[in-house]
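Everything on this sheet refers to the single structure shown next.
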2 protein chains.
Amino acid sequence: MANIRDVAKQAEVSVTTVSRVLNQHPYVTEEKRVAVERAMEELGYFQNINAIHLSTGETRLIGVVIPYINHSYFSTLLKGIADQALVQGYNLVFYQTNYMKEEEHKAFEALKQKQVDALLILSRASEWEAIESYQSFGSIVVCETASHETIPCVSVDHYEAFRFGMRYMVDQGHQKIGYCIGRRNGTNSKLREKAYCEELERIGQPFREEWIFNGCLTIEDGKRVVSEYAALNEKPSALLITSDQVAAGFMMEAQKQQIQIPNNVAILGFDNHPIAEALDLTTIHLPLHEVGVNLVEKVVKKDKTSTIYPFELVERGSV
Amino acid sequence: MANIRDVAKQAEVSVTTVSRVLNQHPYVTEEKRVAVERAMEELGYFQNINAIHLSTGETRLIGVVIPYINHSYFSTLLKGIADQALVQGYNLVFYQTNYMKEEEHKAFEALKQKQVDALLILSRASEWEAIESYQSFGSIVVCETASHETIPCVSVDHYEAFRFGMRYMVDQGHQKIGYCIGRRNGTNSKLREKAYCEELERIGQPFREEWIFNGCLTIEDGKRVVSEYAALNEKPSALLITSDQVAAGFMMEAQKQQIQIPNNVAILGFDNHPIAEALDLTTIHLPLHEVGVNLVEKVVKKDKTSTIYPFELVERGSV
DNA sequence: TTGTAAGCGTTATCAT
DNA sequence: ATGATAACGCTTACAA
């Protein structure tokens, strides 16, 4: 484990000179450079990155706060993040939180302790205030529709997307509309609930608690919803499902139970995951990969502005 | 940015004492502990983790080499890894490689430079020799069936699983069997090809290149294979598909094209992803979450042994 | 039980 | 162009 001093000694130069060739600074003669390079070779020298981190106060590491690491929505986002991190020469450290504030807190502390230069929060349980109090330790960007005064956000406009979905269903002649949501008390979800209520009001329909299916994240959840739906006395004729995975689970199970889509119930998914095309599921395309890319760009540039990405309806056969 | 010396001064103790309370060492009186804690409070002190890393030579970071971050097989593995890392108090740094040796090399260098304490290689393009040459810098575990002399491996027995799948198809009366594979030249894939050829020989069937579908990773690939299959003059009556995602893509597209499963072609998937149950896909269950957990346990314990996990047939309606 | 001081391996400032 | 030397902030012998 030779260090920079050993190399300097071996090459008969100062550590500064070694550091200079290491960092390709100008002002070092070809002669010395060669000597240093030979010494490094001979000693099998390599840099200790932690010493560099300590000295520079930078790590070129971005922390990513993510509830579930193998969830289709998040892993699409992640792909964009990872692709762009590669481009920018950053590495990623993952903090899988399961929406536990305690785990999110660990990520915040990592920023504070300079384990990472910056933080990307893909979804959160913590309050804005908690995040705000850590901003002085590094750049933080949140993947959320809500725009905060001082914390930059990048996301899709989930409120508008949902409202658009509602109107689309109404335009197709539906009045009795329910929906499936991942985590009802999440920020984006509250936005969607707001859009839902507003549209219901607009078309003069009552709010029916039992038409909101909560905890919908996976294919299995979609299957479960079919049973819940089937057990309903009064059934909605249309369902907005905020994840194509869940919608897919619903469709596959519905087929088994002879529930016809869209005849018995129309389905609108969100994401435009490949599974949607395979199942001929009408869905709202969300540019998640681009959001991921932008998240990294913003956090690296320390860009304090927020960006909202557009969504797009993809009409197929489920509505 | 107060440091440990500032705290020591403020509390009127030595830095060692501060370090002791920081690391909850014994041999520090309640009185001093309180004084130190007060000083830390007053100064808003927090540790700089890079200094700790430099000093201890440890980071409690595990590097994960992964080809694609949003691929169902890998993200299931990842979930197990992340869950266990949480338990063990390690964080994860991701090196998404797209199977580029150059990117894998970066991860190896990170280990060498002590950016991470250990490395988990979920799949690789690099040679064994390359990996071997980095073993002296930290614990490395590879997720692969092949057992290497000195490099510990944890995986499912892909050879046996595939062979079992072949025999199962044969037992169900199939003689004309093809298969879909992700990356034909991967280690696990070669093992599967070996099993394939051996079984073909056993039942006296010729090897048909055109019955091997390569590059099958996603739902879309499964769809594509349906077209390729449909275009075949002589068609296999059974297909082993080494990923449930691909199998799902195949099944959904097959249904559109009125190809009946299992009547026209029997399908056997691998993984037992939730999508398999939803589609009534017969599949071979691979305990990927457990593999992920074991990968972390092994790398943390510096356990040099290899472990192979059992698989299990899940019979449903596609064969 | 507490403290002094020597690392850990860099980078960066300031001379020369 | 090159080099001393002081940070960076912590841990850990060793001494007391």
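Below, chains carry the letters A, B, ... as their sequence lines are ordered, and counting in each starts from 1. Being a predicted model, the structure only gives us computed values, none of them experimental.
- Axis angle, first five pairs versus last five pairs of the helix from C/dT1-D/dA16 to C/dT16-D/dA1: 30°, rounded to 10°.
- For the pair B/Gln113 and C/dG9, the criterion of a side-chain N or O lying under 4.0 Å from OP1 or OP2 is not met.
- Paired with B/Glu144 under the rule side-chain contact (heavy atoms from CB on, under 4.5 Å), one option of B/Leu191, B/Asn188, B/Ile151 passes, and it is B/Asn188.
- Atom-to-atom, CD of A/Gln115 to P of D/dC8 comes out at 21 Å; the value is rounded to the nearest Å.
- Within 4.0 Å (heavy atoms only), A/Val13 reaches sugar-phosphate atoms of the nucleic acid but no base atom.
- When the side-chain nitrogen and oxygen atoms of B/Thr29 are compared with OP1 and OP2 of C/dT1, none of them lie within a distance under 4.0 Å.
- Within the 4.0 angstrom heavy-atom criterion, base atoms lie near A/Ile4.
- Checking each of B/Asp117, B/Val93, B/Leu92 against B/Leu61 for a side-chain contact (heavy atoms from CB on, under 4.5 Å) leaves exactly one that passes, namely B/Val93.
- A close approach under 4.0 Å does not occur between any side-chain nitrogen or oxygen of B/Ser19 and OP1 or OP2 of D/dC10.
- Counting to the nearest Å, the P atom of C/dG7 and the CZ atom of B/Arg5 are 15 Å from each other.
- A donor-acceptor contact under 3.5 Å links the side chain of A/Thr16 to the base of D/dA4.
- Using cut-offs of 30° and 60° on the angle between ring planes, the pair B/Trp128 and B/His148 is tilted.
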For this session: Give the intermediate values and the outcome of side chain to side chain donor-acceptor pair (under 3.5 Å) for residues A/Tyr134 and A/Glu109.
Result: CA-CA 8 Å; A/Tyr134 281 93; A/Glu109 284 295 311; 2.6 Å; yes

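- Atoms CG (B/Leu22) and P (D/dT12) sit 12 Å apart, rounded to a whole Å.
- At least one side-chain heavy atom of A/Leu286 sits less than 4.5 Å from a side-chain heavy atom of A/His158.
- Considering only residues two or more places apart in sequence or on other chains, B/Tyr309 meets the ring pair (Phe, Tyr, Trp, His ring centres under 6.0 Å) condition with none of them.
- The separation between B/His53 atom NE2 and D/dT11 atom P is 11 Å, rounded to whole Å.
- The side chain of B/Asn48 has D/dC10 as its nearest neighbour among C/dT2, D/dC10, C/dG9.
- In this structure, the ring pair (Phe, Tyr, Trp, His ring centres under 6.0 Å) partners of A/His71, at least two apart in sequence or on a different chain, are A/Phe74.
- Comparing C/dT11, C/dT2, C/dT4 by their nearest atom to the side chain of A/Gln47 picks out C/dT11.
- Counting only heavy atoms from C-beta on, A/Asn3 has its side chain closest to C/dG9 among D/dC10, C/dA5, C/dG9.
- Here A/Lys32 reaches the OP1 or OP2 of D/dG3: one of its side-chain N or O atoms lies under 4.0 Å away.
- Between D/dT11 and B/Asn23, a contact under 4.0 Å exists linking OP1 or OP2 to a side-chain N or O.
- Between the NZ atom of A/Lys114 and the C1' atom of D/dG9 there is a distance of 12 Å, rounded to whole Å.
- If you measure from atom OH of B/Tyr27 to atom C1' of D/dA16, you get 16 Å, rounded to the nearest angstrom.
- The base of C/dG7 is paired with the side chain of B/Ser55 by a donor and an acceptor separated by under 3.5 Å.
- The interatomic distance linking B/Ile49 (CD1) with C/dC8 (C1') rounds to 16 Å, in whole Å.
- Nearer to the 5' terminus of DNA chain C, by closest-nucleotide assignment, is the contact made by B/Thr56 (compared with the other of B/Thr56 and A/Thr56).
- Rounded to whole angstrom, the span from the CG atom of B/Leu54 across to the C1' atom of C/dT11 amounts to 12 Å.
- Between A/Glu103 and A/Lys106, at least one side-chain N (NZ, or NE/NH1/NH2) sits under 4.0 Å from a carboxylate O, which counts as a salt bridge.
- At the heavy-atom level, A/Asn50 lies nowhere under 4.0 Å from the strands shown.
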